[in-house]
There are 2 protein chains.
Amino acid sequence: MPAPTLRDVAEAAGVHAATASRALNPATRGLVNADTARRVMKVAEQLGYRPNPIARGLKTSKSGTVGIVIPDLTNPLFPPIVRGIEGVLEPAGYSGLIVNTDNDPGREKWQIDHLRSRQVEGLIVATARVEHPLMRQLHREGVVMVMVNRRPEGVDVPSITPDDAAGVELAVRHLAELGHTRIAHVAGPQSTSTGVSRARAFRAAVRDLGLDDDPALVTTTASWSESAGADGLRRLLDSGEEFTAIFAGNDLIALGCYDVFFERGIDCPGRISVVGFNDMPFLDKLRPPLTTIAIPHQQIGAEAARLLLDAIADPSRPARSVLLPLSLVVRGSTAPPVVL
Amino acid sequence: MPAPTLRDVAEAAGVHAATASRALNPATRGLVNADTARRVMKVAEQLGYRPNPIARGLKTSKSGTVGIVIPDLTNPLFPPIVRGIEGVLEPAGYSGLIVNTDNDPGREKWQIDHLRSRQVEGLIVATARVEHPLMRQLHREGVVMVMVNRRPEGVDVPSITPDDAAGVELAVRHLAELGHTRIAHVAGPQSTSTGVSRARAFRAAVRDLGLDDDPALVTTTASWSESAGADGLRRLLDSGEEFTAIFAGNDLIALGCYDVFFERGIDCPGRISVVGFNDMPFLDKLRPPLTTIAIPHQQIGAEAARLLLDAIADPSRPARSVLLPLSLVVRGSTAPPVVL
DNA sequence: AGAGTTGCTGCAATCGAGTGCAGCATCCGC
DNA sequence: GCGGATGCTGCACTCGATTGCAGCAACTCT
């Protein structure tokens, strides 16, 4: 037996399909007699009627789907965000279409084209590059979207970002309170917005707290990866600079530092303390467990979805952006500096 | 300007919409004059025409989407599988709709209902429970689906499963070759199919290799989690049984063992060796790095998608199932037993 | 030359739901 | 008792693409 259609319901209730349509739609229900509406609804219930979203979408040009554009689902950063998004989308009757871009602009364009041809009503974009002509263009074309994890430059688009600056301040303050004064920073790629904003916030925090603001204590990596992080720390170590603590651009970079500690027999946190950023899963299983800054990923996703739904409902509403607070998670990789 | 429709293309090419439709569809292109077809295609290209999948779906009752049902996207096990799935779906013009069930049967039913009302053409299901009346029912109702990670009992549905038995054998053999003879097994929940199959394979491997097959060396956990794994090992330790190696039901359980090692000051691998299962990300960052069995997650996803597409294309085709080989990843958590 | 093919194209219906407009009955006020 | 408002329902068309069938021209065969 095929799924019952609106017509089946209408027939069974003894009314015209148009009436059934109105009775079933809360927004137009007022147009039909209350008794009739009740009858139609009961019949629909009995028949197990489910409106066909494809047919509905054809007429209303609403697909009930939004596109979720992320660089790589395999990166543990994103699944919680996705869950947060879906947690909000789902009760609203929307579904998310997830695509991976692998941070490749060509692929990204292709994927977004694909999403648009699937008639998504909006886009949640979580890519990292600073330069983003595609976003400007989409925005010009009237595509409703929300950015996650990065503030768009020169594009008037709502965004949800963790308050990186505050998080960095938290990390540096923690180190300062333990007594560290010479803190190094292994920063992420300066081609990413988080990379630059964290590095900037690091310098600011160091100055604010009256620590040694030495440019030689900052190095940048080629990518957000363990190997790049390890390279960064090696450079710092080989430069001969003195420091007793490291603030890593993110957890993967911190993990790279662990590799270097191991390969050079450096005691952590005895000799050098490390703070990461992101609070990836399983960090507490490391030796030592990594102290880091936790980001409310799920909440970020949820906020993003809410903003997007708002924007879909009223595209003319001005772009609103939210900054989410972060928190410090103290574990075993930080300790007071050795007294020389 | 709104997106160009088929009619726009037809008009611009000076033909009827029906002809344009046929010209654009490779399957029906033979019905139209080759020159006309070329012209239509060129015009479509120039106008940037993208067929509207909603409209198409309405007529063909094909949505071009498949449902991907997983317990929890946050579990690092699943993202690679999802990537593998999408890697196959995408070139075929399909999209995946991902839903999380949280292993809650009610939620699962709700989610699957939701997917079906979205007209998915098939389902890739990656849940873990052995008992699964819902699956039987869906299968009876003619829903095309493929199971991942578990073999359905009494349901004639294609499935992709890692060859658990072979993987377990690999792990136990590795331990045996190092010289261990009394190997314990902290098994996963016996309410899950992988839990029972791994436990069964463990006993078989132990017997085959001529090791001590002592039921007291096997304990089962309440869930696939670190804390449950820790509880399991504590029980084993407190029972007073002697053993020099542990085969953990999965990596999380192994991680729980690490916690117990730490809390009781047990040296690993000096005093006790451990082998995990799954090869989660970042296991190489642990101290000691965990020896484990790697599962070709991405390949599993890809195979599942291929099987599903086959089944969609020809629903009458008999259920085919594939068993994927696993591999041993030797890291630092295994060593020869101490000589007493 | 007339009948029958073949090859291509257009007409019109269809999928399932949504919606402007017209029609009809009822009821109100004067 | 009549004009007009009000409330509800049905008709018919629309969204964009697909497809069975009919139509028509050119060509083949006898």
Side-chain angles (χ1 to χ4, degrees), chain A residues 1-41 43-45 47-65 93 116-121, chain B residues 1-41 43-45 47-65 93 116-121:
Chain A
M1 40 151 200
T5 82
L6 182 60
R7 254 176 250 297
D8 297 333
V9 174
E11 201 168 326
V15 298
H16 192 268
T19 306
S21 169
R22 285 188 270 256
L24 261 13
N25 184 336
T28 52
R29 188 166 304 151
L31 296 174
V32 332
N33 182 295
D35 283 341
T36 316
R38 244 193 305 281
R39 184 158 37 95
V40 171
M41 291 169 66
V43 172
E45 171 77 17
L47 263 51
Y49 169 71
R50 308 276 264 155
N52 180 332
I54 301 191
R56 169 179 309 183
L58 180 55
K59 179 65 179 179
T60 61
S61 63
K62 292 199 184 331
S63 59
T65 57
R116 294 185 66 191
S117 83
R118 286 222 176 253
Q119 317 291 122
V120 297
E121 292 179 43
Chain B
M1 46 161 192
T5 82
L6 181 60
R7 254 177 252 296
D8 297 332
V9 174
E11 200 169 327
V15 297
H16 191 269
T19 306
S21 169
R22 284 187 271 254
L24 262 12
N25 184 337
T28 52
R29 189 166 302 152
L31 296 175
V32 332
N33 182 294
D35 283 341
T36 316
R38 243 193 306 282
R39 184 157 38 95
V40 171
M41 291 169 68
V43 172
E45 172 77 16
L47 264 52
Y49 168 70
R50 308 276 265 157
N52 181 331
I54 301 191
R56 171 181 312 195
L58 180 55
K59 179 66 177 180
T60 61
S61 65
K62 293 200 183 327
S63 59
T65 58
R116 293 185 67 191
S117 84
R118 285 220 175 255
Q119 317 289 124
V120 296
E121 293 180 43

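Predicted model only: the values in this text are computed from it and were never measured. Here is the naming used below: chain letters follow the sequence lines, and residue numbers restart at 1 for every chain.
Interface remark: the A:Arg50 side chain does not form any donor-acceptor pair with the C:dG16 base, using a distance-only criterion of under 3.5 Å.
The side chain of B:Ala18 lies closest to C:dA12, out of D:dT9, C:dA12, C:dT14. Of the candidates C:dG16, D:dT9, D:dC21, the closest approach to any side-chain atom of A:Leu58 belongs to C:dG16. Across D:dT19, D:dC15, D:dT18, the shortest atom-to-atom separation from the side chain of B:Leu6 is found for D:dT18. For A:Asn33, whose side chain is taken as the heavy atoms from C-beta onward, the closest listed nucleotide among D:dC8, D:dG10, C:dG16 is D:dC8. Side chain of A:Thr19, nearest nucleotide from C:dA17, D:dG10, D:dT19: D:dG10. Closest to the B:Arg22 side chain, of the nucleotides D:dG16, C:dT19, D:dG20, is D:dG20.
Within 4.0 Å (heavy atoms only), A:Thr36 reaches sugar-phosphate atoms of the nucleic acid but no base atom. Among the atoms of the strands shown, base atoms are found under 4.0 Å from some heavy atom of B:Leu31. Looking at heavy-atom distances under 4.0 Å, B:Thr28 makes no contact with the nucleic acid at all. As judged by a 4.0 angstrom heavy-atom cut-off over every strand, B:Thr5 is placed among residues touching the sugar-phosphate backbone only.
With hydrogens and angles ignored, the 3.5 Å screen pairs a side-chain donor or acceptor of A:Glu121 with a backbone N or O of A:Ser63. Panel note: side chain A:Arg39, backbone A:Gly14; no donor-acceptor pair is recorded below 3.5 Å. In this structure, B:Arg29 contributes its side chain and B:Ala23 its backbone to a donor-acceptor pair below 3.5 Å.
Distance, A:Lys62 NZ to C:dA17 P: 18 Å, rounded to whole Å. The distance from atom NZ of A:Lys59 to atom C1' of C:dA17 is 9 Å, rounded to the nearest whole Å. One atom, CG of B:Asn25, and another, P of D:dT19, lie 7 Å apart when rounded to the nearest Å. One atom, CZ of A:Arg39, and another, C1' of D:dC8, lie 12 Å apart when rounded to the nearest Å. The distance between atom CZ of A:Arg29 and atom P of D:dT9, rounded to the nearest whole Å, is 14 Å. What separates OH of B:Tyr49 from C1' of D:dG16 is a distance of 7 Å, to the nearest Å. Here the C1' atom of nucleotide D:dC15 and the CG atom of A:Asn52 are 13 Å apart, to the nearest Å. For the pair A:Ile54 CD1 and D:dT14 P, the computed distance is 23 Å after rounding to whole Å.
Under the 4.5 Å side-chain criterion, counting only non-hydrogen atoms from C-beta, B:Pro53 is in contact with A:Gln119.
Where A:Arg56 and B:Thr60 meet DNA chain C, the nucleotide closest to each residue was compared, and B:Thr60 sits on the side nearer the 5' end.
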Step by step, work out the side chain to side chain contact (heavy atoms under 4.5 Å, CB included) result for B:Leu24 and B:Val40. CA-CA 7 Å; B:Leu24 262 12; B:Val40 171; 3.8 Å; yes

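Within the structure, a side-chain polar atom (N or O) of A:Ser21 is placed less than 4.0 Å from OP1 or OP2 of C:dG18.
One finds the OG1 atom of A:Thr5 at 9.5 Å from the CG atom of A:Leu47 (value rounded to the nearest 0.5 Å).
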